2 protein chains.
Amino acid sequence: MSTYHHRDLRAALLREAGKRLEKQGIAALSLREAARRAGVSHNAPYRHFPDRETLLAALAAEGFQVLGQQLEKTSGREMGEAYVRFALAHPQRFRLMFGGQIALDKYPELRAAAASAFDRLQAAFSGYGGEARTAAAAAWSLVHGLSHLILDGHFAQRDEDFVKRVLAVVRFAVGPQRSA
Amino acid sequence: MSTYHHRDLRAALLREAGKRLEKQGIAALSLREAARRAGVSHNAPYRHFPDRETLLAALAAEGFQVLGQQLEKTSGREMGEAYVRFALAHPQRFRLMFGGQIALDKYPELRAAAASAFDRLQAAFSGYGGEARTAAAAAWSLVHGLSHLILDGHFAQRDEDFVKRVLAVVRFAVGPQRSA
DNA sequence: CTGGTATGTTGACAGAGACAACATACCTTA
DNA sequence: TAAGGTATGTTGTCTCTGTCAACATACCAG
């Protein structure tokens with residue numbers, strides 16, 4: 001038949017799996033289902049992904065790329081809001097990226113993608129001198145934790161205004177503590 | 001036989017699953033494996049848990065209880081360190097509690113347990129007036145995000161000193177912004 | 001045109017979740 | 001104390017999934 005070769009099965013699988021991901025969650029993702037949706041036999045995916053986890057890693061990598069692009073568009077304090085906005089817009093993708101289900105060490109490009117996104121945050125704190133890394137780490141922690149907790153439903157509110165208020169209440173101090 | 005009734009299978013299953021959880025991760029948790037370890041047939045767990053997710057929810061509930069106790073022992077700024085310490089000491093448990101794999105709405109006692117833990121944090125910010133809730137939310141976000149990012153290996157350091165430095169760099173401001 | 005490689009297919013197996021039917025221990029209560 | 005109902009386990013079965021192995025077909029280089 002003419003479509004014995006799918007021509008771009010890898011991309012098709014990622015597309016279908018991506019759709020499934022946001023609709024049904026990570027647990028519902030299966031290679032066989034993706035293959036079915038791509039109109040291909042149950043074992044075809046193995047020609048492109050050695051196992052399920054590698055497919056998940058590829059989906060996560062996509063996520064890091066998008067997140068990086070979103071952050072690139074912003075600067076300063078808006079970056080934090082953009083981070084949270086990404087998480088709220090793609091909850092399952094975000095969980096996949098940061099849920100610890102993927103062994104980061106096995107996929108160096110994943111860690112690199114994450115680090116690249118973090119670098120943008122880091123740059124925003126270049127004025128903080130020796131504690132720049134620490135302040136950046138704190139900022140990342142803040143927006144990251146806020147994203148997670150909102151997604152998990154631990155806060156009553158989850159609108160953009162709430163996010164802004166929470167982020168606005170935080171200051172980053174450099175040097176010896178002097179109390180607020 | 002004398003042990004047809006296990007007498008406390010539910011507790012035994014939670015114990016075995018708990019061990020398995022920290023050693024192998026959430027994905028490796030299976031009802032059948034827990035049953036095997038408890039020396040019981042593959043379907044016995046269903047007399048105590050309607051499905052796998054409910055077992056996971058029970059494990060998460062245990063985690064929230066322990067976390068709450070740890071936080072109770074501390075006060076003020078040490079609470080944040082205790083939070084992170086808990087996450088680092090029980091990484092898989094922490095992920096289970098906050099990984100979004102469990103539909104919180106289906107297990108009200110879970111949300112209650114989490115809220116109870118949060119209440120302790122909240123109390124530490126009672127002096128912040130009208131913005132107390134917001135400041136507490138920010139503090140929770142900070143320690144929560146820091147825990148996650150360290151667990152995921154996104155920071156080079158993960159020792160107690162690093163945690164202290166990150167937490168120390170943050171101030172919580174109340175009222176109209178006035179910059180730090 | 002021919003052989004090698006990339007890509008798919010069919011077939012099979014084991015492990016898991018879940019349901020049903022059956023068995024046995026326990027416990028109330030009449 | 002005997003009877004019957006309920007709680008707890010067991011066996012059997014089904015479907016789904018990941019994964020391996022063997023085979024088939026398309027494509028490409030020489």
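What you see is a predicted model, and the numbers here were worked out from it, not measured in a lab. First the proteins, then the strands, lettered A, B, ... as listed; each starts at 1.
What separates CG of B:Asp51 from C1' of C:dA16 is a distance of 14 Å, to the nearest Å. Distance CZ (B:Arg52) to P (C:dA18): 9 Å, rounded to an integer number of Å. In this structure, B:His48 places its NE2 atom 6 Å from C1' of D:dT8, rounding to the nearest Å. In this structure, the CG atom of B:Leu56 is 10 Å from the P atom of C:dA18, given to the nearest Å. Protein atom CD of A:Gln24 is 12 Å distant from nucleotide atom P of D:dT17, rounded to whole Å. Atom P of nucleotide D:dT8 and atom CG of B:Leu31 are separated by 17 Å, given to the nearest angstrom. One can place CG of B:Leu29 at 14 Å from C1' of C:dG17, the figure rounded to the nearest angstrom.
Among pairs with a residue in residues 16-65 of chain A, those fulfilling ring-ring contact (aromatic ring centres under 6.0 Å, His included) read A:Phe64-A:Phe98, at least two apart in sequence or across chains.
For the pair B:Arg10 and B:Arg32, nearest-nucleotide mapping onto DNA chain D gives the more 5' position to B:Arg10. Between B:Tyr46 and A:Arg7, the residue anchored nearer the 5' end of DNA chain C, judged by the nucleotide with its closest heavy atom, is A:Arg7.
Side-chain proximity of A:His42 to the nucleotides D:dT11, C:dT9, C:dA12 is greatest for C:dA12. Among the nucleotides D:dG9, D:dT17, C:dA16, the one closest to the side chain of A:Arg36 is D:dT17. In this structure, the nucleotide among D:dT19, D:dG9, C:dA16 sitting nearest to the side chain of B:Ser30 is C:dA16.
For B:Arg47 against D:dG9, a side-chain-to-base donor-acceptor contact under 3.5 Å is present.
Taking the six-membered ring where the residue is Trp, A:His144 and A:His148 present perpendicular rings, their angle passing 60° and hence far from 30°.
Here the CZ atom belonging to A:Arg111 is positioned 5.0 Å from the CG atom belonging to A:Leu104, to the nearest 0.5 angstrom.
Taking a cutoff of 4.0 Å between a charged side-chain nitrogen and a carboxylate oxygen, B:Arg77 and B:Glu81 do not qualify as a salt bridge.
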